Amino acid sequence: MTCTMTETEYVSQMLTKIKRFAEHHSCHVWFVAHPRQLQQWGGGAPNLYDISGSAHFINKCDNGIVIHRNRDEKAGPLDRVQVRNKVIGNIGDAFLSYDRITGKFMDLDDDARSK
């Protein structure tokens, strides 16, 4: 049997089924995805639309979290991590510092963010 469904249609149906499953079983389902190859990437943080396959990953999610590590010394400390969170329509940012020795992330205060 040949499938005539596009990738976008498939992703939409799959996400709908997973959302129904989670609601029925009162559980959370997490997807972890890397962004598609960003052809024109300038070093900034990607967003949920950058997940390969479909914009439905952002359109249908209840929570979307993007974690981006700074790799440009000109943009600030290399241990800075930006977390973007889409939670029920609200978008916010948190900046964390990664401690390689302990493997922990620590919240950066306002003074450290501006550096």
Side-chain angles (χ1 to χ4, degrees):
M1 181 174 183
T2 304
C3 181
T4 58
M5 198 179 315
T6 66
E7 182 180 33
T8 300
E9 291 168 332
Y10 176 81
V11 169
S12 177
Q13 288 182 13
M14 180 260 313
L15 291 173
T16 298
K17 289 177 183 178
I18 290 172
K19 282 187 77 154
R20 283 189 198 136
F21 172 88
E23 289 170 1
H24 179 75
H25 293 283
S26 298
C27 68
H28 296 279
V29 176
W30 291 80
F31 284 95
V32 177
H34 289 274
R36 60 181 160 57
Q37 295 295 328
L38 301 173
Q39 303 302 329
Q40 304 298 323
W41 186 58
N47 63 51
L48 294 174
Y49 284 114
D50 293 321
I51 297 172
S52 182
S54 177
H56 289 299
F57 282 106
I58 190 171
N59 296 336
K60 293 192 175 200
C61 75
D62 293 322
N63 294 298
I65 299 171
V66 175
I67 300 173
H68 172 70
R69 179 171 55 95
N70 179 39
R71 294 188 170 125
D72 181 4
E73 290 180 356
K74 296 174 189 169
L78 295 179
D79 64 346
R80 184 192 306 198
V81 177
Q82 179 182 12
V83 179
R84 300 201 72 220
N85 189 7
K86 173 202 171 252
V87 181
I88 311 170
N90 297 324
I91 296 176
D93 288 305
F95 291 93
L96 308 172
S97 176
Y98 180 68
D99 184 335
R100 291 180 187 266
I101 295 170
T102 64
K104 294 181 180 180
F105 290 94
M106 292 166 280
D107 192 16
L108 290 173
D109 59 21
D110 291 333
D111 293 333
R113 287 183 202 174
S114 61
K115 292 180 182 177

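Everything numeric in this text was worked out from a predicted model, so none of it was measured. Hydrogens, waters and symmetry mates play no part in the numbers below; they use all other heavy atoms, side chains included.
Separating the NE2 atom in H24 from the NZ atom in K17 is a distance of 15.5 Å, to the nearest 0.5 Å. With rounding to the nearest 0.5 Å, the separation of NZ in K104 from OG in S97 is 13.5 Å.
Between I18 and V29, the closest heavy-atom pair is CG2-CG1, 3.6 Å. Between K19 and K60, the shortest heavy-atom contact is NZ-O, 2.9 Å. Considering every non-hydrogen atom in both M14 and F31, the closest pair reads SD-CZ, 3.9 Å.
Residues meeting the ring pair (Phe, Tyr, Trp, His ring centres under 6.0 Å) test with F105, sequence neighbours left out: Y98. Listed by chain and number, the residues in a side chain to side chain donor-acceptor pair (under 3.5 Å) with E9 are T6 (sequence neighbours excluded).
The hydrophobic clustering, which links ILVMFWY residues whose side-chain heavy atoms are closer than 4.5 Å, places F57 and Y49 together.
The environment of NE2 in H25 is crowded: more than 12 heavy-atom neighbours from other residues, nucleotides or ligands sit within 6.0 Å.
Within the 3.5 Å criterion, the main-chain N or O of T8 finds no donor-acceptor partner in the side chain of S12.
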